[in-house]
Amino acid sequence: MTLHSIVIQKLLSTNAHLGRRVAAHHFKQFTYGTRNGMAIIDSDRTLICLRTAAEFIAALAQQKARFMFVNTNSLWDEIIEQMTKKIGCYSPSMNLLWRTGGFLTNSHSPKKFRSRRKKICFGPTQPPDCLVVFDTDRKSSVILEADRLQIPIVSLVDSAMPLEYYKKITYPIPANDSVQFVYLVCNLITKTFLLHQKSSASSVAQLEDTREQVERIEEGKSVNKDELLVLPYSLLPISPGVDRTEELLDKLVVLKFNGALGTNMGFHGPKSTIQICDGLTSLDLIVNQIEALHSKYRCSVPLLLMNTTTTHEDTVKVLEKYTKSNVDIHSLKQPQHKSSGGQSSEDELYPGHGAVFLSFMKSGTLDVLLSQGKEYILVVDSDNVAATIDPKILDHLIENKIEYCIEVVPTAYDADFSNIGSRLQKFELAEIAQSSVKHSMEKFKLVDTGSLWVNLRAIKRLLDTDTLKIEDISVSKETAAGSAIRFFDRAIGVNVPHSRSLSLNKTSDILLLKSDLYTCDEGVLVRNIARTNPENPVIELGPEFEKVSDLLSRFKSVPDIIGLDSLKVTGDVWFGAGITLKGRVTIAAKPGVKLEIPDGVVIENKDINGPSDI
């Protein structure tokens, strides 16, 4: 019996799979079917959601975040009381169990609350960093208050929960709220807390190492400019509050490189105007992301588009659809970089965000941004469609006076891959590859995602003192961020999740992004939680699919690839609608023969050369 089977049997023993007679439409994604008129909750989906919620709680516990556990069901009192005692969130003198629940919006001052059937509770002077709700039916008001304050919510949800409250829950756990399942959840939370309390000493040591690095830089001690200190994303402080986030975003400007054309995919126009997910383009994603920030926070984040001569006119036409947007968008034409022979070279336009970006800032735009109170600029590469505007990173940069920061991810070829993302390390710049490098990846340990954070005042200082000479910056087509990094006194890398690095270079990338593997939420690409494999499927399409128009015509609809490991297609192959691909699939049509994959078929771990193999 496999470990997965044992865990599923444990879930079934708690009756977590028993839903109610009425299953809301939005909850049907978690149901397996019905039996005797009752909804049956899919235990696999429950396990996935439970694991995701546990990972989130673990990340916050590592940062010593404040938790608020909400419960008004007397059946679970003893279970939750034991949990809070073990994890250190219980005080007999103050009764911080929060049995009466919320009043989050009044949490700026201590207050006493009375209930006829409940004990007196005391409200904390600060709002929690996470809200854990065990009985959502009775505490819907707390969910609304937490959503108003942008507090992430972990909650048990059942098949009858209204959509109004369900969509406000950050990490839902679909299950029947039986006593056995609540005990299982509390036991998981307890073990998660205890595990991270044991490892907190090592985390503190790593953070102290980070502070020492910053102090060394500030004291002016010698620092190897060929090395880069890389900080794991998990070691960053918890997300800032609403007021702090608004303050941070008002200091930010976003610049997206928009010089890449889609000609290698048979698309005549900027690559940023190719539809990739839910009918949206990569340009739509970054605009929607900023619009969502403006709606959540009182801030103003302008967007600069750096075009080339070949993309400027088409981009200006596309921007007409954003006339009613609340985002301040500026479309700029960038002068071409001259090669050593005096010729303008398309290949040397964007040498790793180095010389071209800094020459753009020298043109006068820098002074305008500084006069508007902007302090940092986030530079987004044209090829990465998963870039995220993260106030958490920005907060760390401002607090530690970091001038230059690149977002990186480990390469799959690195033997120490499992440890790179969990500890503080130094890397040679030669070990960090550009995201566009397509060969010799074995010699690299990290890949530059194409997202770069730079302090505007640092650039101003370098330009005013003539320290930064554009002509001295070498154009490197492999090392990350060119050689501009050596001009900045305080530079780091942040090891971000792989979900923030999704390239758009081939039609196979479009197929991946258009599939059910990804959806778009407020401009951010979200990976389907049903995909248990952390790596994306490897998709290889033959020359018959190399153009965008060919890809769209040969697929009647994009197949279901949640369970796909790899796909290789060659020859004259045409796909029907509603196809499901699982495992390793190879489809090769014989020369001169048209191979049609019929509607609705499921292909798993097969090599197909003709209709008889389907």
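What you see is a predicted model, and the numbers here were worked out from it, not measured in a lab.
Residues satisfying the side-chain hydrogen bond (donor to acceptor under 3.5 Å, both in side chains) criterion with E522, sequence neighbours excluded, are K296. Partners of R554 by side-chain hydrogen bond (donor to acceptor under 3.5 Å, both in side chains), not counting sequence neighbours, listed by chain and number: D572. Judged as a side-chain hydrogen bond (donor to acceptor under 3.5 Å, both in side chains), and not counting sequence neighbours, the contacts of S272 are N258. In this structure S549 satisfies the side-chain hydrogen bond (donor to acceptor under 3.5 Å, both in side chains) test with no other residue, sequence neighbours excluded. Take F56 and apply the ring-ring contact (aromatic ring centres under 6.0 Å, His included) test, not counting sequence neighbours, and it matches Y171.
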What do the steps show when you test S325 against E291 for side chain to side chain donor-acceptor pair (under 3.5 Å), and what is the final call? CA-CA 8 Å; S325 172; E291 286 179 338; 2.6 Å; yes
I'd like to know whether K606 forms a salt bridge (charged side-chain N to carboxylate O under 4.0 Å, His left out) with D613, so could you lay out the CA-CA distance, the side-chain angles of the two residues, the decisive distance to 0.1 Å, and finally the verdict. CA-CA 8 Å; K606 283 187 176 181; D613 298 329; over 6 Å; no
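Here W574 contributes atom CH2 and I587 contributes atom CD1; the two are 14.5 Å apart, rounded to the nearest 0.5 Å. Distance check: E407 CD to D381 CG gives 12.0 Å after rounding to the nearest 0.5 Å.
The pair D565-R584 fails the salt-bridge criterion, with no side-chain N (NZ, NE, NH1 or NH2) lying under 4.0 Å from an Asp/Glu carboxylate O. A salt bridge does not link D560 to K582: none of the charged side-chain nitrogens sits closer than 4.0 Å to a carboxylate oxygen.
The side chain to side chain donor-acceptor pair (under 3.5 Å) pairs that include a residue from residues 511-521 are Y518-N536, where partners are two or more places apart or lie in different chains.
Looking at T281 and D284, their side chains do bring a donor and an acceptor atom within 3.5 Å of each other.
Within the 4.5 Å cutoff, the side chain of L131 has no heavy atoms near those of the F69 side chain. Side-chain atoms of F67 and I57, non-hydrogen and from C-beta on, do get closer than 4.5 Å to each other. A 4.5 Å side-chain heavy-atom check between L564 and V585 finds at least one atom pair inside the cut-off.
Crowding of Y183 atom OH: a count of heavy atoms from other residues, nucleotides or ligands under 6.0 Å not exceeding 12.
Closest non-hydrogen pair, K168 versus D147, comes out as NZ-OD2, 3.4 Å. Between P232 and V230, the shortest heavy-atom distance links the atoms CD-O, 3.8 Å. Across F575 and V569, no two heavy atoms sit closer than the pair CZ-CG2, 4.0 Å.
A donor-acceptor pair under 3.5 Å links the side-chain atoms of N264 to the main chain of N505, judged by distance alone.
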